[in-house]
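Here's the structure, in structure tokens; my notes come after.
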2 protein chains.
Amino acid sequence: MTSVETRSRDRLLAAATTLFYERGFLATSVKEITQACGFTQGALYNHFSSKDELLYELVLDIHAELERHTIRERANAGDDPVDQFAALVAVHVTAHCQFRERSRVGNHEYRYLTSSRLVGVLDIRRRLRDQLAEVLAAGAAAGAFHLVSGSATGTARAVLDMCGLISEWFRDDGELTPLAMHRRYVELALRMAGGPPEPPHWPVLPEPPQFPGVDDA
Amino acid sequence: MTSVETRSRDRLLAAATTLFYERGFLATSVKEITQACGFTQGALYNHFSSKDELLYELVLDIHAELERHTIRERANAGDDPVDQFAALVAVHVTAHCQFRERSRVGNHEYRYLTSSRLVGVLDIRRRLRDQLAEVLAAGAAAGAFHLVSGSATGTARAVLDMCGLISEWFRDDGELTPLAMHRRYVELALRMAGGPPEPPHWPVLPEPPQFPGVDDA
DNA sequence: CCTACCGATCGGTAGG
DNA sequence: CCTACCGATCGGTAGG
């Protein structure tokens with residue numbers, strides 16, 4: 001695959017991300033995606049076998065990147081479950097604040113995937129939740145957390161749900177910066193988990209990860 | 001309007017609710033809605049001027065009902081802001097557990113409303129958030145809550161977001177009953193607000209409200 | 001990557 | 001509430 005082919009492909013993915021964010025997958029036509037890149041309709045099929053396939057590749061990439069991010073930041077957080085928990089919450093909050101388009105597309109449009117493609121994405125979503133539940137269970141076992149109903153998965157779900165709608169209302173021109181958001185949500189999540197008011201070490205705000213087409217936006 | 005006309009209308013709304021829940025507004029055709037009621041396609045236009053108008057009436061009704069419910073349960077909760085807060089959280093949790101279809105349709109499909117219709121629904125959504133923020137501010141002023149960053153609207157948003165995704169994963173055949181859910185989420189919300197571990201009075205699980213077509217499902 | 005085209009399906013309407 | 005139909009648009013393809 002030559003670099004110009006890769007570039008066209010990434011431009012299509014970037015255009016689709018913005019359009020899916022603004023209107024949703026079903027309300028966006030192939031013509032709109034290709035025209036946003038200066039192409040005509042048929043050009044999309046040089047890079048993707050179908051509109052569904054483009055959605056799959058985009059949504060899978062969004063989830064895979066979030067999982068990589070999650071694994072890396074957890075590893076960097078050291079051995080303390082409270083620090084690991086804070087790091088995971090920070091990753092999710094940052095994703096929703098800094099990469100609103102991708103986060104919202106990932107959370108909204110995956111439901112339009114057809115069965116076999118859907119399974120792969122749901123697997124990642126489950127693993128993301130399990131990561132949080134694992135850390136909560138470890139912290140509870142160590143006496144650092146005191147979970148409502150003793151349920152690590154229940155608390156993990158509530159925390160992820162709390163973070164999952166940030167991209168619906170967060171605005172760059174609002175009064176809250178991504179840094180303020182990540183501190184606020186780490187505090188809220190620690191309260192939900194029955195942990196200390198602050199983590200021993202505050203997670204560093206993760207660097208913006210690179211993904212295809214980000215510099216075309 | 002005769003009762004048979006009202007009934008057909010309500011059946012169309014009920015069928016649309018289920019289909020929008022399963023596939024979303026855009027993926028549901030007028031033909032599917034009418035066929036679910038044993039009608040042919042054109043019958044929809046005896047009751048609604050367009051597919052968009054049906055969506056608007058459905059989504060508006062879902063939000064209006066939730067607001068009525070909210071106002072009633074808050075009034076029934078007495079003067080204590082902590083009790084009022086618990087009552088409001090219970091209303092939202094109950095809506096998402098007991099009326100998953102309507103809650104999810106309300107939260108997902110309102111984005112497809114066109115501008116003038118959208119405004120009315122967004123107004124209700126803002127008022128629902130303001131109700132929660134009011135109660136949090138009153139409780140904080142009374143020393144019963146200790147809010148993260150001192151922000152009542154920030155905490156209100158986080159609590160509503162935490163509740164807003166319950167309908168995505170809650171299952172009737174799961175291990176959690178609606179009663180267990182409402183206790184768990186009231187506890188989580190009180191922790192987030194920096195309040196007491198339990199409200200002075202636990203809210204009674206609200207009775208299932210009546211809405212058009214519920215007994216046709 | 002474009003031009004030209006395909007069948008299918010869409011929301012909506014006329015007339016009864 | 002049905003039958004029959006409308007123009008528009010959709011995702012996708014053939015051939016270059």
Side-chain angles (χ1 to χ4, degrees), chain A residues 1-17 19-20 22-59 105 109 111-118 212-213 216, chain B residues 1-17 19-20 22-59 105 109 111-118 212-213 216:
Chain A
M1 189 181 274
T2 71
S3 105
V4 58
E5 276 169 0
T6 305
R7 223 184 124 63
S8 289
R9 202 186 128 94
D10 290 345
R11 287 175 62 201
L12 287 166
L13 285 169
T17 302
L19 287 163
F20 293 170
E22 290 170 351
R23 316 178 192 181
F25 172 70
L26 290 176
T28 301
S29 67
V30 169
K31 193 175 169 187
E32 288 171 313
I33 298 169
T34 49
Q35 277 190 346
C37 301
F39 303 149
T40 54
Q41 195 168 349
L44 185 131
Y45 300 94
N46 298 324
H47 301 282
F48 304 96
S49 63
S50 68
K51 190 193 177 195
D52 284 335
E53 176 66 19
L54 180 150
L55 175 66
Y56 172 63
E57 297 200 25
L58 178 57
V59 168
V105 168
E109 314 300 335
R111 65 185 297 215
Y112 298 115
L113 295 172
T114 52
S115 56
S116 71
R117 289 169 176 143
L118 181 58
D216 295 323
Chain B
M1 190 181 275
T2 71
S3 104
V4 58
E5 278 168 359
T6 305
R7 224 185 123 59
S8 289
R9 203 187 126 93
D10 291 346
R11 287 174 62 203
L12 288 166
L13 285 169
T17 303
L19 287 162
F20 293 170
E22 291 170 351
R23 315 178 193 181
F25 172 70
L26 290 176
T28 301
S29 68
V30 170
K31 194 177 171 188
E32 288 173 313
I33 299 169
T34 49
Q35 277 189 345
C37 300
F39 303 149
T40 54
Q41 195 169 348
L44 184 131
Y45 300 93
N46 298 325
H47 302 282
F48 305 95
S49 61
S50 67
K51 190 193 176 195
D52 285 334
E53 176 65 19
L54 181 149
L55 176 66
Y56 173 63
E57 296 200 24
L58 178 56
V59 168
V105 168
E109 314 300 335
R111 65 184 295 215
Y112 298 115
L113 294 173
T114 53
S115 57
S116 71
R117 289 168 175 143
L118 181 59
D216 296 320

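The sequence lines fix the lettering, A, B, ..., with proteins before strands; numbering per chain opens at 1.
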**Asked** dC2(C) P sits how many Å from Asn46(A) CG, rounded?
**Response** 9 Å
**Prompt:** For the pair made of CG in Leu26(B) and P in dT9(D), what is the distance, rounded to whole Å?
**Reply:** 16 Å
**Item:** Heavy-atom side-chain proximity of Phe20(B) to Leu54(B) below 4.5 angstrom
**Value:** yes
**Complete:** In numerical order, the residues of residues 28-38 of chain A whose heavy atoms come under 4.0 Å of DNA chain C are Gly38(A)
**Prompt:** Considering only heavy atoms from C-beta outward, does the side chain of His47(B) approach that of Glu57(B) to under 4.5 Å?
**Reply:** no
**Request:** Would you kindly give the NZ-to-P distance between Lys51(B) and dG12(C), to the nearest whole Å?
**Result:** 8 Å
**Request:** Quick one: pull up NZ in Lys31(B) and CG in Leu44(B) and give me the separation to the nearest 0.5 Å.
**Result:** 14.5 Å
**Request:** Decide yes or no for Leu12(B) and Thr34(B): does some side-chain heavy atom of the first lie under 4.5 Å from some side-chain heavy atom of the second?
**Result:** yes
**For Leu26(B), side chain to side chain contact (heavy atoms under 4.5 Å, CB included) partners two or more places apart** = Leu26(A), Ala27(A), Tyr112(B)
**Item:** Of the listed nucleotides dG11(D), dC2(D), dG12(C), the one nearest the side chain of Tyr45(B)
**Value:** dG12(C)
**Message:** Measure CZ/Phe48(A) against P/dG11(D) and give the value in whole Å, please.
**Reply:** 15 Å
**Complete:** Whole-Å distance, Leu44(A) CG to dA14(D) C1', equals 17 Å
**Item:** Closest approach of Arg11(A) to Cys37(A) (non-hydrogen atoms, all atoms of both residues)
**Value:** NH2-O, 2.8 Å
**Message:** If I take atom CZ in residue Phe39(B) and atom C1' in nucleotide dT3(D), what distance separates them, rounded to the nearest angstrom?
**Reply:** 16 Å
**Message:** Can a donor-acceptor pair be found, under 3.5 Å and without considering hydrogens, that links the side chain of Arg117(A) to the backbone of Tyr56(A)?
**Reply:** no
**Message:** For the CZ atom of Arg111(A) and the CG atom of Leu118(A), what is their distance to the nearest 0.5 Å?
**Reply:** 11.0 Å
**Between C1' of dC1(C) and NE2 of His47(A), the distance in whole Å** = 8 Å
**Message:** Please give the stem ranges for DNA chain D, sorted by first residue number, where a stem is three or more consecutive Watson-Crick or G-U pairs and both donor-acceptor distances are under 3.5 Å.
**Reply:** C:1-16 with D:1-16
**Item:** Distance in angstrom units between Gln41(B) CD and dG15(C) C1', rounded
**Value:** 17 Å
**Item:** Phosphate-side-chain proximity, Ser8(B) and dC1(D), N/O vs OP1/OP2 below 4.0 Å
**Value:** yes
**Request:** Would you check if Leu13(A) and Phe48(A) make a side-chain contact, meaning some heavy-atom pair closer than 4.5 Å?
**Result:** yes
